[in-house]
Number of protein chains: 2
Amino acid sequence: MSARESPLLRKIATVLSLSEAERAFVRDLEKSRRPVSARTDLVKQGERYDRVGILQAGWAIRYKTLSDGRRHVINFLLPGDVFGVFLQLFEIPDHSIAMLTDGTLATFETPQLVEAFRDHPRVAAAFTWFAAREESIIAERATSLGRRTALERMAHIVLELYRRLEAVELAGNGSFELPVTQEILADTLGLSLVHANRTLRKLREIGLVDIEGKTILLQNIRALKVVADFDDLFLYIRKMPESVQQQFIEASG
Amino acid sequence: MSARESPLLRKIATVLSLSEAERAFVRDLEKSRRPVSARTDLVKQGERYDRVGILQAGWAIRYKTLSDGRRHVINFLLPGDVFGVFLQLFEIPDHSIAMLTDGTLATFETPQLVEAFRDHPRVAAAFTWFAAREESIIAERATSLGRRTALERMAHIVLELYRRLEAVELAGNGSFELPVTQEILADTLGLSLVHANRTLRKLREIGLVDIEGKTILLQNIRALKVVADFDDLFLYIRKMPESVQQQFIEASG
DNA sequence: CGGCTACTTGAAGGATTTCAACGTAGGTGG
DNA sequence: CCACCTACGTTGAAATCCTTCAAGTAGCCG
């Protein structure tokens, strides 16, 4: 399964093995592909939303806005990421999702999500795993915001994005494309735009990263990890235990 | 259902209505009650954990520690809160959970969780709702950490805790018990202990709250909400739509 | 070329941390 | 039963990280 064809299937393969029938089911969830352009809101804070989305290509952000306009970016959505599973429950989202770049989006309706949980337990297991992992990514970022310095936060998010992009073959050999303005980075890391810029420069000056246009080069991953106090446990990059998969099969049976 | 007997059932009742059989099933999940004393770790970062916990009485925190000892408190666990549902998937937690006060804990094993999802869809729906809500609470706190000032953060968490405690009848008439040291509060809000102390004092000086020992009195809820830019949408205090409950029933059927 | 948007840098100001010290209450042991 | 100990809270002063203000540069597109 190439990442280009279905980054979601690529990502699922890092967690568990699907049968051909299950892969076909996932492909069916993704069949409604359509292009979306940068700056489009996929979900709007406070406005009813009732589909599940799978980002096929491009980057998006989940974000919140305070009433005076201050913005916080909760998380990045990368190709292969799913959104709206929990929104199905709440119906009214407490945050917005916007495309950062042009991209491709597939969406499907709630009944198909129900079908996944009833008839395709391994697909359901993967969706649940990714939902749980998203919480753990947000908790790790909250830890950065609360207890890491600006430099540490910047080093940390560079490593996080690198590891997440690796899973969908969009990073490797110590580099990746970061199609994100410094303002977005600042809103993610709880910094002012000016300080985000200086922090990035410092990361360059001390030889940890290099930047060429939109490309980030990790010059010294080991040193980056030390600076960021980066432990990838929170990304749960590993196979789901067989016993856990079995539980999903039993629960649906 | 009194909150004293089962804060979880009390909390579930704010979201959806269970049949008597379903309530009996939940009571069964809770039947292994045992006392736990302050400072006990219920879950340890990096150490395998394989039960689901329901906090019956007392307060706990989910927290992370950086390698140099800096600590961040991800969230508070209050009576009626469930933990470990997602940990079942990952097996190795990326955070710890510690009791702040003496309390009472019930735990049950994974097969019973599976049973809930197979045979008691409304119970499963409630568990899922609470898991989704926890993510939204963490995302809101990340927003505080990223974009609110110290005073705004403090006002925000006071209101958050007030609203969450109301649901289990541990707050009302504008006051609640806060069995939390200022150091814990500082580690939650990303502040130094000293500044947390000054911020709390300022909240008192401008007449928004009053503090008598461990009791917090909200003197001016409206002004607190303005200062905190508090919108309770993120707490999803409301009934789960019938249509969503129906989906859980279909998925298990 | 004009007008965007993103990036960069200096300087001043402010919010928050760190360092240091002291106060207070509750618990324990001599 | 008082002295001591420890945990928690409080406050002042200096230092620092980060923000804000201001200005200018670079690249891109119509």
Can you check the [X] [atom1] to [N] [atom2] distance for me, whole Å?
X: K214(B); N: dA7(D); atom1: NZ; atom2: P; value: 14 Å
X: H195(B); N: dC17(D); atom1: NE2; atom2: C1'; value: 13 Å
X: L100(B); N: dA7(D); atom1: CG; atom2: C1'; value: 15 Å

To check you understand the geometry: which heavy-atom pair defines the closest contact between W59(A) and L165(A), and what is its length? CZ2-CD1, 3.7 Å
What heavy-atom pair brings Q45(B) and Y63(B) nearest, and what distance separates the two atoms? OE1-O, 4.2 Å
So the contacted stretch of DNA chain C, first to last nucleotide with an atom under 4.0 Å from a non-hydrogen atom of chain B, runs from dT16(C) to dC19(C)
Sequence neighbours left out, what passes salt bridge (charged side-chain N to carboxylate O under 4.0 Å, His left out) with [X]? Give chain and number order.
X: R51(B); value: E109(B)
X: E166(B); value: R163(B)
X: K11(B); value: D81(B)

Please figure out whether R204(B) or L193(A) has its closest DNA chain D nucleotide nearer the 5' end. R204(B)
Judged by nearest nucleotide, the residue sitting upstream toward the 5' end of DNA chain D, L200(B) or G190(A), is L200(B)
Identify, residue by residue, the members of residues 181-189 of chain B with a heavy atom below 4.0 Å from DNA chain D, and return them in order of residue number, or none. T181(B), Q182(B)
Can you list, in residue-number order, the parts of residues 150-161 of chain B that come under 4.0 Å of DNA chain C, counting heavy atoms only? A150(B)
Counting only heavy atoms and a strict 4.0 angstrom limit, can you tell me which residues of residues 58-67 of chain A come near DNA chain C? none
D41(A) vs S96(A), side chain to side chain donor-acceptor pair (under 3.5 Å): CA-CA, chis, key distance, verdict: CA-CA 7 Å; D41(A) 273 325; S96(A) 304; 5.2 Å; no
Return no unless some side-chain N or O of K202(B) is found under 4.0 Å from OP1 or OP2 of dT10(D). no
Does dT10(D) have OP1 or OP2 under 4.0 Å away from a side-chain N or O of N197(B)? yes
Kindly indicate, with the supporting measurements, whether the criterion side-chain contact (heavy atoms from CB on, under 4.5 Å) is fulfilled by V82(A) and V85(A). CA-CA 8 Å; V82(A) 176; V85(A) 173; 3.8 Å; yes
Can you tell whether the side chains of D187(A) and R70(A) come within less than 4.0 Å, N to carboxylate O? no
For R133(A), is there an ion pair with E140(A) - N to carboxylate O distance below 4.0 angstrom? no
Dump the pairs, protein N or O against N or O of nucleotides 22-27 of chain D, anything under 3.5 Å, distances to one decimal.
none

Name all residues meeting the side-chain contact (heavy atoms from CB on, under 4.5 Å) criterion together with R204(B); count only those two or more places apart in sequence or in a different chain, and write none if there are none. R201(B), V209(B), D210(B), I211(B)
Take a 6.0 Å sphere around CG of N173(B) and say whether it holds more than 12 heavy atoms from other residues, nucleotides or ligands. no
Begin from the C-alpha positions of L87(B) and E91(B) and carry the test side-chain contact (heavy atoms from CB on, under 4.5 Å) through to its verdict. CA-CA 5 Å; L87(B) 294 183; E91(B) 298 189 318; over 6 Å; no
For a quick check, tell me whether the side chain of R198(B) and the base of dG12(D) share a donor-acceptor pair closer than 3.5 Å. yes
Please test L55(B) against L78(B) for side-chain contact (heavy atoms from CB on, under 4.5 Å), starting from the C-alpha separation and ending with a verdict. CA-CA 7 Å; L55(B) 192 57; L78(B) 309 179; 5.8 Å; no
Checking S144(B) against E152(B) for the side-chain contact (heavy atoms from CB on, under 4.5 Å) test, could you report, in this order, the C-alpha distance in whole Å, the side-chain angles of both residues, the deciding distance, and whether it holds? CA-CA 8 Å; S144(B) 282; E152(B) 292 165 350; over 6 Å; no
Exercise answer: donor-acceptor pairs, residues 212-227 of chain A side-chain atoms, under 3.5 Å, sequence neighbours excluded:
| residue | atom | partner | partner atom | Å |
| --- | --- | --- | --- | --- |
| T215(A) | OG1 | E177(A) | OE2 | 2.6 |
| N220(A) | OD1 | R222(A) | N | 3.4 |
| N220(A) | OD1 | A223(A) | N | 3.0 |

NA contact type, L191(A), heavy-atom cut-off 4.0 Å: base, sugar-phosphate, or nothing? sugar-phosphate
Base, sugar-phosphate, or nothing for G213(B), non-hydrogen atoms under 4.0 angstrom? nothing
For N75(B), which of R62(B), H95(B), R141(B) qualifies under side-chain hydrogen bond (donor to acceptor under 3.5 Å, both in side chains)? R141(B)
Tell me which one of L105(B), V52(B), I54(B) satisfies side-chain contact (heavy atoms from CB on, under 4.5 Å) with F83(B). L105(B)
Mind running side chain to side chain donor-acceptor pair (under 3.5 Å) on S67(B) and D229(A) for me, showing each step along the way? CA-CA 7 Å; S67(B) 58; D229(A) 199 19; 2.8 Å; yes
So how far off straight is the helix from dG14(C)-dC17(D) to dG30(C)-dC1(D), going by the axes through five pairs at either end, to 10°? 10°
Could you list the residues that satisfy side-chain hydrogen bond (donor to acceptor under 3.5 Å, both in side chains) with Y162(A), not counting sequence neighbours? none
